[in-house]
Participant: 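Just passing along the structure, written as structure tokens.
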Amino acid sequence: MTYLFISDLHLSPDHPRLVRGFLALLNEYQNKSTQLYILGDWFNAWIGDDYTAPWLDEIVSALRVFTGAGNQVYFQVGNRDFALGQKFLSQFNGILLADVYTLQIQQHTFRLEHGDALCTDDIAYQRFRKVIRNPVILGLLKRTPLSFRQKLANGFRKKSSETKQLKSYDIMDVNTQAVENVITEVDYLIHGHTHRPEIHHIHNKQRIVLGDWRADSAWILELNEQENYQLDFKQWNY
């Protein structure tokens with residue numbers, strides 16, 4: 001069994017090379033009995049499971065082939081695709097995980113999450129996150145027309161880009177105490193969000209940060225049944 005962890009792909013029709021990179025990943029791991037864990041920001045924006053488009057149909061078709069070969073796909077929402085639900089994942093037998101998920105591989109315990117909840121120094125973002133992720137608010141948003149949600153998503157992206165330019169590097173990273181609070185009960189913490197790929201050693205435990213995807217390269221984490229792992233920088237040319 002191969003365990004594969006990725007995050008922050010930010011797929012969209014505006015960046016077809018990223019889409020091709022993801023499709024190449026599925027093809028490469030299709031015959032390796034793979035459990036694929038996507039830890040948020042799979043898509044650059046997600047306006048609802050009722051959204052359809054040809055570029056998305058291609059991804060769904062490839063995922064059906066991938067899971068049809070006996071592989072599994074698990075997904076946690078991120079700050080860009082928090083509206084993605086089980087309805088979309090069910091098209092290819094994918095499984096929606098909780099915001100925090102504990103994975104047991106033999107005697108080791110892994111905590112999986114997107115990572116934005118650990119950035120507690122970014123108070124403004126945490127307030128926004130609490131509001132927009134409220135089930136009532138989210139439920140109301142999903143009932144609005146697609147055109148309205150598209151405009152709203154565009155506004156969120158623009159606002160996010162503007163505020164990032166005004167925030168310090170440290171504020172947008174994880175808070176040390178927040179990390180230490182959650183890593184106490186596990187052996188490994190795996191997350192994305194910060195776009196700062198690295199393996200950190202904390203009190204004989206490890207925090208593994210996945211990186212974001214670029215036009216021709218991607219950070220992935222692969223573990224096998226023997227629990228050997230490496231943060232492997234995979235590069236595809238397409």
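Keep in mind the model is a prediction, meaning the values are calculated, not measured.
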Participant: Is the NZ or CZ atom of Lys151 positioned over Phe148's six-membered ring, under 6.0 angstrom from the centre and within 45° of the axis?
Facilitator: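 No, Lys151 and Phe148 do not form such a contact.
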
Participant: Taking Asp187 first and then Arg111, would you say they form a salt bridge - that is, a charged N and a carboxylate O separated by under 4.0 Å?
Facilitator: no

Participant: If you count heavy atoms of other groups shown closer than 6.0 angstrom to CD of Gln104, is the number above 12?
Facilitator: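 Above 12, so yes.
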
Participant: Can you tell me if CD1 on Ile123 sees more than 12 non-hydrogen neighbours from other groups inside 6.0 Å?
Facilitator: no

Participant: Donor-acceptor pair, distance only, cut-off 3.5 Å: does the side chain of Thr144 make one with the backbone of Leu141?
Facilitator: yes

Participant: Within the 4.5 Å heavy-atom criterion, are Gln72 and Thr34 side-chain neighbours or not?
Facilitator: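 No, their side chains stay 4.5 Å or more apart.
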
Participant: Let me check something: do Leu210 and Ile199 share a hydrophobic cluster, defined by ILVMFWY side-chain heavy atoms less than 4.5 Å apart, either directly or through other members?
Facilitator: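 Cluster IDs for Leu210 and Ile199 match.
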
Participant: Take Tyr51 and Gln150, measure what side chain to side chain donor-acceptor pair (under 3.5 Å) needs, and give me the verdict at the end.
Facilitator: CA-CA 10 Å; Tyr51 168 73; Gln150 185 65 69; 5.8 Å; no

Participant: Of all residues at least two apart in sequence or in a different chain, which pass the salt bridge (charged side-chain N to carboxylate O under 4.0 Å, His left out) check with Asp8?
Facilitator: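 Listed in chain order: nothing, the list is empty.
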
Participant: If you round to the nearest 0.5 Å, how far is OG1 of Thr102 from CG of Leu112?
Facilitator: 7.5 Å

Participant: Report yes or no: do Ile105 and Val100 belong to one cluster of Ile/Leu/Val/Met/Phe/Trp/Tyr joined by side chain heavy-atom distances under 4.5 Å?
Facilitator: no

Participant: Would you call Asp212 and Arg196 a salt bridge, taking side-chain N to carboxylate O under 4.0 Å as the test?
Facilitator: no

Participant: Given Leu36 and Phe66, is the side chain to side chain contact (heavy atoms under 4.5 Å, CB included) satisfied, shown in steps?
Facilitator: CA-CA 10 Å; Leu36 173 61; Phe66 184 75; 4.2 Å; yes

Participant: Indicate yes or no: at least one non-hydrogen side-chain atom of Val174 is less than 4.5 angstrom from one of Thr176.
Facilitator: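 Val174 does not reach Thr176 side chain to side chain.
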
Participant: The test is side chain to side chain contact (heavy atoms under 4.5 Å, CB included); show your working for Thr2 and Ser33 and say whether it passes.
Facilitator: CA-CA 6 Å; Thr2 298; Ser33 186; over 6 Å; no

Participant: Would you sort out whether Arg207 and His201 count as a side chain to side chain donor-acceptor pair (under 3.5 Å), showing the intermediate values?
Facilitator: CA-CA 6 Å; Arg207 176 170 73 96; His201 298 271; over 6 Å; no

Participant: Closest heavy-atom contact between His193 and Ser7?
Facilitator: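 The pair with the smallest heavy-atom distance is N-OG, 4.4 Å.
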
Participant: Of all the heavy-atom pairs spanning Asp81 and Gly78, show the shortest one and how long it is.
Facilitator: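 Closest approach of Asp81 to Gly78, heavy atoms only: OD1-N, 2.7 Å.
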
Participant: Please answer: with hydrophobic residues joined when any side-chain heavy atoms are less than 4.5 Å apart, are Leu138 and Trp46 in the same cluster?
Facilitator: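 Per the 4.5 Å side-chain linkage, Leu138 and Trp46 are co-clustered.
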
Participant: With a 3.5 Å cut-off and no angle check, do the side chains of Asp121 and Asn175 form a donor-acceptor pair?
Facilitator: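 On atom types as modelled, these side chains qualify, holding a pair under 3.5 Å.
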
Participant: When rounded to the nearest 0.5 angstrom, what distance separates CD in Gln126 from CG in Leu118?
Facilitator: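 Nearest 0.5 Å value for the CD-CG distance: 8.5 Å.
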
Participant: Please report the closest heavy-atom contact between Ala117 and Thr120, naming both atoms and the distance.
Facilitator: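 Reported closest heavy-atom pair: O-CG2, 3.5 Å.
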
Participant: Between OG1 of Thr109 and CD1 of Ile183, what distance do you get to the nearest 0.5 Å?
Facilitator: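 Here the rounded value is 11.5 Å.
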
Participant: Is atom NE2 of His15 surrounded by more than 12 heavy atoms (other residues, nucleotides or ligands) closer than 6.0 Å?
Facilitator: no

Participant: Taking all non-hydrogen atoms of both residues into account, name the closest pair between Ile190 and Leu221 and its distance.
Facilitator: CD1-CD2, 3.6 Å

Participant: Please verify the inter-ring angle class for Phe128 with Tyr125; under 30° counts as parallel, over 60° as perpendicular, anything in between as tilted.
Facilitator: tilted

Participant: Please work out which of the three classes, parallel, tilted or perpendicular, describes the rings of Tyr188 and Phe110, given edges at 30° and 60°.
Facilitator: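 Plane angle under 30°, so parallel.
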
Participant: Show the nearest heavy-atom pair for residues Gln91 and Arg64, with the distance to one decimal.
Facilitator: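 The pair with the smallest heavy-atom distance is O-NE, 2.9 Å.
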
Participant: Tell me, with the steps shown, if Tyr101 and Tyr74 meet side chain to side chain contact (heavy atoms under 4.5 Å, CB included).
Facilitator: CA-CA 11 Å; Tyr101 182 76; Tyr74 301 91; 5.6 Å; no

Participant: When you compare the side chain of Ile95 with that of Phe75, does any pair of heavy atoms fall below 4.5 Å?
Facilitator: no

Participant: What I want to check is whether the side chains of Gln177 and Asn181 have a donor and an acceptor closer together than 3.5 Å.
Facilitator: yes

Participant: Using the rule given for salt bridge (Lys or Arg N to Asp or Glu O under 4.0 Å), can you reason through Arg149 versus Asp50, listing the C-alpha separation, both sets of side-chain angles and the distance that settles it, and then say yes or no?
Facilitator: CA-CA 11 Å; Arg149 280 177 270 153; Asp50 52 343; 2.9 Å; yes

Participant: Fit a plane to each ring of Tyr3 and Tyr37, take the angle between them on a 0 to 90° scale, and name the class: parallel (under 30°), tilted (30 to 60°) or perpendicular (over 60°).
Facilitator: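 Parallel: the ring planes of Tyr3 and Tyr37 meet at under 30°.
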
Participant: Hey, are the side chains of Leu26 and Asn71 touching, using non-hydrogen atoms and a 4.5 Å cut-off?
Facilitator: no

Participant: With no hydrogens and no angle check, just 3.5 Å: does a side-chain donor-acceptor pair link His114 and Asp99?
Facilitator: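 No donor-acceptor contact under 3.5 Å links the two side chains.
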
Participant: With a 4.5 Å limit on heavy-atom distance, are the side chains of Arg80 and His10 in contact?
Facilitator: yes

Participant: So Ile6 and Leu39, do their side chains get closer than 4.5 Å, heavy atoms only?
Facilitator: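 With C-beta onward as the side chain, the pair stays apart.
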
Participant: Any side-chain heavy atom of Gln35 within less than 4.5 Å of one from Leu4?
Facilitator: no

Participant: To the nearest 0.5 Å, tell me how far Leu97 CG sits from Gln86 CD.
Facilitator: 9.5 Å

Participant: Between Val186 and Gln206, does the side chain to side chain contact (heavy atoms under 4.5 Å, CB included) criterion hold? Intermediate values first, please.
Facilitator: CA-CA 9 Å; Val186 298; Gln206 293 185 346; over 6 Å; no

Participant: Can you confirm whether Val60 sits close enough to Phe88 that some side-chain heavy atom of one is under 4.5 Å from a side-chain heavy atom of the other?
Facilitator: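 In short, these two side chains touch, coming nearer than 4.5 Å.
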
Participant: Going from NZ on Lys205 to CD1 on Ile202, what distance comes out if it is rounded to the nearest 0.5 angstrom?
Facilitator: 10.0 Å

Participant: Applying a strict under-4.5 Å side-chain criterion to I, L, V, M, F, W and Y, I'd like to know whether Leu23 and Trp55 cluster together.
Facilitator: yes

Participant: Work out which heavy atom in Gly211 is nearest to a heavy atom in Trp219; give both atom names and the distance.
Facilitator: N-CB, 3.6 Å

Participant: Would you compute the distance between atom NZ of Lys87 and atom NZ of Lys142 and round it to the nearest 0.5 angstrom?
Facilitator: 10.0 Å

